[in-house]
Student: 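I have a structure here, written as structure tokens, and I will follow up with some questions on it.
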Amino acid sequence: MNSQSWHIEARHFLLPKSGYTLNECEDAIGINTSALRYAVADGATEAFDSQTWAHQLAHSWVTHEPPALALEDFRSWAADEGQRLHSSWSGLRLSWYAQEKALGGSFAAFVGLQFEMLNGSPPRWQAIALGDSCLVRCRDEEIREALPLADYESFNAAPLLLPSLGSMQEAALSHTAVRSGMVEQGDVFLLLSDAAAAWFLLMSLKRDPARSEFETLLASAREEELGRFFDEQRLSGRIKDDDIAIIRIAFELNAHPET
């Protein structure tokens, strides 16, 4: 008789806009391997200090206990994080222009994913997302789930984002997507910031060979080649020249002979 266990493999990739450095990237990745918790956040370029907001959201969410997965918990967590961000600005010497921007707060898209290992059962997954950073679950090269956006045509220049100002959060949070399910053999979960998400959904719809090339490079952690791949996709106009953040989590079921 065989016993079974689930093997998890996680990869991540971060690429700034052309001509920018990683230190200038407004996308952020959060990973907590012990808690099996992952997040991607994408700061809005036009808003004040959104790079900090995105990094704070991604890193705080994966370490926050209990996990902010239910809408009420997420609402409370987001309010606390917004207050923390605005408190960090006190005492800063800002130009009048920056002061005006700061009054409007920061904005970011966010997607978080948590796995729970269950004895004798497949792992359970839970996700929460707001904006245009997405979770895509694939199996056998088919998309099985996508949230909060599932169609590349749904991406636009004015997505609804998570604001840092508490007075603005309630209206945005009403659009939060919350979903859960059980992991199945061969499942691959992708967390993608907006440019990568729109590109991936379009390549999947067209069954373009570029998707397979991307997945091969990402799964084997060939980051330099993956960077060149996206540079080529940008030059050809197939993907928007924007920051790119990606996390890939793959599951395989292993059988072990019992002794």
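Any value given below was found using the heavy atoms of this structure, including those in side chains, with hydrogens, waters and symmetry copies removed. The residues of the chain are indexed from 1 along the displayed sequence.
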Student: Please give me the minimum heavy-atom distance between D132 and P159, naming the atom from each residue.
Tutor: OD2-CG, 3.2 Å

Student: Report yes if some heavy atom in the side chain of F251 is under 4.5 Å from a heavy atom in the side chain of E184; otherwise report no.
Tutor: no

Student: Has the side chain of Q114 got a donor or acceptor atom that lies under 3.5 Å from a matching backbone atom of I128?
Tutor: no

Student: Can you tell me how far apart CD (E81) and CG (L57) are? Round to the nearest 0.5 Å.
Tutor: 6.5 Å

Student: Hey, quick one: are L130 and M168 part of the same hydrophobic cluster, counting side-chain heavy atoms closer than 4.5 Å, chains of contacts allowed?
Tutor: no

Student: Are the charged groups of E141 and R211 less than 4.0 angstrom apart, N to O?
Tutor: no

Student: Please say yes or no: joined through hydrophobic side-chain contacts below 4.5 Å, possibly via intermediate residues, are L192 and V40 part of one cluster?
Tutor: no

Student: How far does CG of D27 sit from OG of S50, to the nearest 0.5 angstrom?
Tutor: 11.5 Å

Student: What's the separation between atom CG in L135 and atom CG in L147, rounded to the nearest 0.5 Å?
Tutor: 5.0 Å

Student: For L217, enumerate each residue passing the side-chain contact (heavy atoms from CB on, under 4.5 Å) test, keeping only those at least two apart in sequence or located in another chain.
Tutor: E213, R222, E225, L226, F229

Student: Indicate if L71 and L162 have the same hydrophobic cluster label, given that clusters are the connected sets of ILVMFWY residues with side-chain heavy-atom separations under 4.5 angstrom.
Tutor: no

Student: Side chains of L14 and C25: does their closest heavy-atom pair fall under 4.5 Å?
Tutor: yes

Student: Rounded to the nearest 0.5 Å, what separates atom CZ in R179 from atom CZ in R137?
Tutor: 10.0 Å

Student: With a 3.5 Å distance limit and no angle check, can you tell me whether E26 reaches the backbone of Q51 through a side-chain donor-acceptor pair?
Tutor: no

Student: Yes or no on side-chain hydrogen bond (donor to acceptor under 3.5 Å, both in side chains) for D241 and S18, after CA distance, side-chain angles and deciding distance?
Tutor: CA-CA 7 Å; D241 189 358; S18 299; 3.0 Å; yes

Student: What I'd like to find out is whether the side chain of R234 reaches to under 4.5 Å of the side chain of L15, using heavy atoms alone.
Tutor: yes

Student: Ring centres of F13 and F214 under 6.0 Å apart?
Tutor: no

Student: Determine whether S60 and R84 satisfy the following criterion, side chain to side chain contact (heavy atoms under 4.5 Å, CB included), listing intermediate values before the conclusion.
Tutor: CA-CA 11 Å; S60 170; R84 184 158 72 94; 3.9 Å; yes

Student: Would you please name every residue forming a side-chain contact (heavy atoms from CB on, under 4.5 Å) with H12, sequence neighbours left out?
Tutor: I29, I31, I247

Student: Is there a donor-acceptor pair under 3.5 Å between the side chain of R11 and the backbone N or O of A219?
Tutor: yes

Student: Looking only at non-hydrogen atoms, find the nearest pair between P16 and T21 and report the distance.
Tutor: CB-O, 3.5 Å

Student: State, yes or no, whether a side-chain contact exists between I143 and L201 at a heavy-atom distance under 4.5 Å.
Tutor: yes

Student: Are L85 and S106 packed together at the side-chain level, in the sense that at least one heavy-atom pair is separated by less than 4.5 angstrom?
Tutor: yes

Student: Quick one: closest heavy-atom pair of A58 and A39, and the distance?
Tutor: O-CB, 3.9 Å

Student: Would you say D42's side chain and A108's backbone share a donor-acceptor pair under 3.5 angstrom?
Tutor: no

Student: Quick check: W89 with H86 (ring centres under 6.0 Å apart)?
Tutor: yes

Student: Are F189 and F115 an aromatic pair, judged by ring center distance below 6.0 Å?
Tutor: yes

Student: Answer yes if L160 and F74 sit in the same cluster of Ile, Leu, Val, Met, Phe, Trp and Tyr residues linked by side chain heavy atoms under 4.5 Å apart, and no otherwise.
Tutor: no

Student: Run the salt bridge (Lys or Arg N to Asp or Glu O under 4.0 Å) test on R139 and D187 for me, step by step, so that the C-alpha distance in whole Å, both residues' side-chain angles and the decisive distance to 0.1 Å come before the verdict.
Tutor: CA-CA 5 Å; R139 189 171 62 256; D187 271 356; 2.7 Å; yes

Student: Quick one: pull up CD1 in I8 and CG in L36 and give me the separation to the nearest 0.5 Å.
Tutor: 4.5 Å

Student: Might you work through the side chain to side chain contact (heavy atoms under 4.5 Å, CB included) test for R75 and T176, ending with a clear yes or no?
Tutor: CA-CA 10 Å; R75 178 182 286 109; T176 303; over 6 Å; no

Student: Checking Q83 side chain against D80 main chain: does a donor-acceptor pair fall under 3.5 Å?
Tutor: no

Student: Hey, is R248 close enough to E9 for a salt bridge, meaning N to O under 4.0 Å?
Tutor: yes

Student: Taking all heavy atoms of W125 and all of A127, pick out the closest pair and write down the distance.
Tutor: CZ3-CB, 3.9 Å

Student: Do the side chains of H64 and D73 get nearer than 4.5 Å, heavy atoms only?
Tutor: no

Student: Please say yes or no: joined through hydrophobic side-chain contacts below 4.5 Å, possibly via intermediate residues, are V62 and L69 part of one cluster?
Tutor: yes

Student: Heavy atoms only: give me the nearest Q185-W6 pair and the separation to one decimal.
Tutor: N-CH2, 3.7 Å

Student: Using a strict cut-off of less than 4.0 Å between a Lys/Arg side-chain nitrogen and an Asp/Glu carboxylate oxygen, indicate whether E46 and K101 qualify as a salt bridge.
Tutor: no

Student: When you look at E232 and R238, which way does the salt bridge (Lys or Arg N to Asp or Glu O under 4.0 Å) test go after all the steps?
Tutor: CA-CA 9 Å; E232 293 170 359; R238 306 180 91 201; over 6 Å; no

Student: Looking at G105, is its backbone amide N or carbonyl O close enough to the side chain of S164 to form a donor-acceptor pair, meaning the two atoms are under 3.5 Å apart?
Tutor: no

Student: Are the side chains of Q126 and P67 in touch, meaning some heavy atoms are under 4.5 Å apart?
Tutor: no

Student: Taking T63 for the side chain and H59 for the main chain, is one N or O donor matched with an acceptor at less than 3.5 Å?
Tutor: yes

Student: According to the interplanar angle, ranging from 0 to 90°, do the rings of W199 and F230 count as parallel (below 30°), tilted (30 to 60°) or perpendicular (above 60°)?
Tutor: perpendicular

Student: Is there a donor-acceptor contact under 3.5 Å from the side chain of D140 to the main chain of E142?
Tutor: no

Student: What is the minimum heavy-atom distance between L165 and L103, and which atoms define it?
Tutor: CD1-O, 3.4 Å

Student: Atom CZ in R37, atom CD in E116: separation rounded to 0.5 Å?
Tutor: 11.0 Å

Student: Kindly indicate whether the side chain of W53, heavy atoms from C-beta on, has any atom under 4.5 Å from the side chain of L161.
Tutor: no

